[in-house]
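One structure is given here, and the rest of the page talks about it.
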2 protein chains.
Amino acid sequence: MKVLKRAPLENDPVPDLCRACKARHRGICGALDADQLAELSRRSHKQVVEAGKTLLDAEEPTTSYSNILAGVVKLSKMLPDGRQQIVGLQFAPDFVGRPFSPESSLKAEAVTATVLCTFPRNLLERMIEQSSGLEHRLYLQALAELDDARDLLLTLGRKTARERVATFLLMIARHTPKGEELEGEAESEAGFDLPLTRAEIADFLGLTIETVSRQLTKLKSSGVIRVEQNRRIRVPDMELLAAETGD
Amino acid sequence: MKVLKRAPLENDPVPDLCRACKARHRGICGALDADQLAELSRRSHKQVVEAGKTLLDAEEPTTSYSNILAGVVKLSKMLPDGRQQIVGLQFAPDFVGRPFSPESSLKAEAVTATVLCTFPRNLLERMIEQSSGLEHRLYLQALAELDDARDLLLTLGRKTARERVATFLLMIARHTPKGEELEGEAESEAGFDLPLTRAEIADFLGLTIETVSRQLTKLKSSGVIRVEQNRRIRVPDMELLAAETGD
DNA sequence: GAGGTTCCTTGATCCTGATCAACGCGTCAA
DNA sequence: TTGACGCGTTGATCAGGATCAAGGAACCTC
């Protein structure tokens, strides 16, 4: 769990792997030179966190950032009276954090068991100043997150409950890596597991638990999806699901 | 309207002003060295566009970016059946464009008469490669836009119609520069003009025209705001308005 | 195996905001 | 002057999704 205090090896066979987590920080490591990578490796640590673990808290000073190696992280905002909205979902190999702001205005929380490589905030911000490649990677991710957020805005502002649920299912299907799909698929049937509970899906889509549940039931009886043991979804025909999203 | 073909002057008294629009591209020019600024100036042109003018179109290849010098620009997305959602509002001195994507997934349109300084897309993308300072400025703006988008997600996902309208009014109030406020204010009364029509406010808030109109009427009869000639809003007590936003 | 807890589904009812419709007002052109 | 048009308001009604309520299934712990 703690840092590997290994000195940088000039002849390291895999010089672009973080030595702490033994993985390539896609989007981070690739932009660093050997010295920077060595320093980042020294001050990173790999951790496996369980579902529900808070990574960043709103109104709390941020002390560390992470890269997601596996798992799903939700970003959420809350109103004083407790109403909650999930404003983003992040998957490997996303970077988790809000650079250049002493505190995040949102909460980042592991949705599933999640593998992270974590490093100090001020180290990253120093490296950004040194390495324009690093900032470029982060900029590209911010632009991608902005695109995602605006897609979700369209969903929340203008789509019906059924369209929202279909949009969500399609999004998760697209984030399920090939090879992690479920077995035993007839023809080109797609299958995946939902990483979120019904309550979380509701908080993502601006709906209630009951509405999410009912819309899933309706999509099931329309033959668009099959649902097995709550979390497991099968989609006989992706086109059919896509036709339900409204766009 | 067209470019000023002036050679860079070493002893220019205001070297950080774009020579085309005679303004500082806040967020852009400040990050450039003298040569870059000269080139940008040469290939920029200042233009005044009227309300409704499209700056960027969804699914169309992007050929130019702009800085807003004055006015308001809306970013919107549309569903095939015509439902529309405004996913962002931009004010001076924002940069308008989506770097590193050949085409935008959204439409950018002037909401009011707007003054722009416009330059070719590929020039900017080349300068980003040369100047890490420039990319840093753009990254900061993208992060700010991301924060805005996520605030709006909370509004669309979890707030009531009344809260949404109050949130919108407060946002416009905050974007009205001091000094451009309306005259004749008793005590610390705030006043401003709405840059958007009711239909645009509705598209921003995920509501209908009628609901926006009714909620404005209700805020008026509650004494939170006064409305003069449709577009002019006065807020006797900002705290009272803020208390209506839900956060 | 009893009871608790979490997660999910389903039914009944309610209510917020959408929809449909009419009208007022200002502007512009014929 | 007249009518058309854009913009906004208001009223009547409707409906989609929220709320309230109950219960089932899986998984704990004791």
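Just so we're on the same page: letters track the sequence lines, and every chain starts at 1. Here the structure is a predicted model, which is why all the values come from computation and not from measurement.
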Yes or no on side chain to side chain donor-acceptor pair (under 3.5 Å) for T155(B) and E163(B), after CA distance, side-chain angles and deciding distance?
CA-CA 8 Å; T155(B) 298; E163(B) 289 168 340; over 6 Å; no
Can you tell me how far P of dA18(C) sits from CG of L156(B), to the nearest Å?
12 Å
Rounded to the nearest angstrom, tell me the gap between atom CG in L194(B) and atom P in dC7(D).
15 Å
Looking at residues at least two apart in the chain, or sitting in another chain, which of them share a side-chain contact (heavy atoms from CB on, under 4.5 Å) with R198(A)?
L194(A), I209(A), V212(A), L216(A), V227(A), N230(A)
Roughly how many Å is it from NZ in K220(B) to C1' in dG8(D), rounded to a whole number?
10 Å
Have a look at I233(B) and tell me which of I172(B), I225(B), L241(B) forms a side-chain contact (heavy atoms from CB on, under 4.5 Å) with it.
I225(B)
Contact list for residues 48-63 of chain A, test side-chain hydrogen bond (donor to acceptor under 3.5 Å, both in side chains), sequence neighbours left out:
none
Output a table of nitrogen or oxygen pairs between the protein and nucleotides 22-28 of chain D separated by less than 3.5 Å.
none

Please list, in numerical order, the residues of residues 240-247 of chain A that have a heavy atom closer than 4.0 Å to any atom of DNA chain C.
none
Name every residue in residues 204-218 of chain A that has at least one heavy atom under 4.0 Å from any atom of DNA chain C, in order of residue number, or write none if there are no such residues.
I209(A), E210(A), S213(A), R214(A), T217(A)
Donor-acceptor contact below 3.5 Å, side chain S101(B) vs main chain S104(B):
no
Please report the shortest heavy-atom distance between P99(A) and L143(B), naming the atom on each side.
O-CD1, 3.7 Å
Using five pairs at either end of the helix from dG1(C)-dC30(D) to dA30(C)-dT1(D), determine the angle between the two local helix axes and round it to 10 degrees.
20°
For M238(A) against A173(A), the heavy-atom pair lying closest together:
CE-CB, 3.2 Å
For D94(A), does its backbone N or O pair with a side-chain atom of Q141(A) as donor and acceptor, under 3.5 Å?
no
Per the ring-ring contact (aromatic ring centres under 6.0 Å, His included) rule, what does the pair list look like for residues 77-98 of chain B, sequence neighbours excluded?
Y65(B)-F95(B), F91(B)-H175(B)
Can you check whether G191(B)'s main-chain N or O pairs, donor with acceptor, with R234(B)'s side chain at less than 3.5 Å?
no
Pairwise 5' ranking along DNA chain C for R158(A) and N230(A), keeping only the more 5' one
N230(A)
Using the side chain to side chain donor-acceptor pair (under 3.5 Å) criterion, which residues pair with E244(B)? Sequence neighbours excluded.
R162(B)
For D151(A), the side-chain contact (heavy atoms from CB on, under 4.5 Å) test, sequence neighbours excluded, returns K77(B)
Is the backbone of R158(A) close enough, under 3.5 Å, to the side chain of R83(B) for a donor and an acceptor to pair up by distance?
yes
Classify the side-chain pair E109(A)/S76(A) by whether it contains a donor and acceptor separated by less than 3.5 Å.
no
Applying side-chain contact (heavy atoms from CB on, under 4.5 Å), name anything that partners T211(A), two or more places apart in sequence or on another chain.
A161(A), L207(A), T208(A), Q215(A)
For I201(A) and dT6(C), what is the distance between atoms CD1 and C1' respectively, to the nearest whole Å?
15 Å
Where along residues 160-168 of chain B does a heavy atom fall under 4.0 Å from DNA chain C?
T160(B), A161(B)
Think R231(B) has a side-chain N or O under 4.0 angstrom from the OP1 or OP2 of dC7(D)?
no
Quick note, ring-ring contact (aromatic ring centres under 6.0 Å, His included) partners involving residues 193-233 of chain A, not counting sequence neighbours, are F168(A)-F204(A)
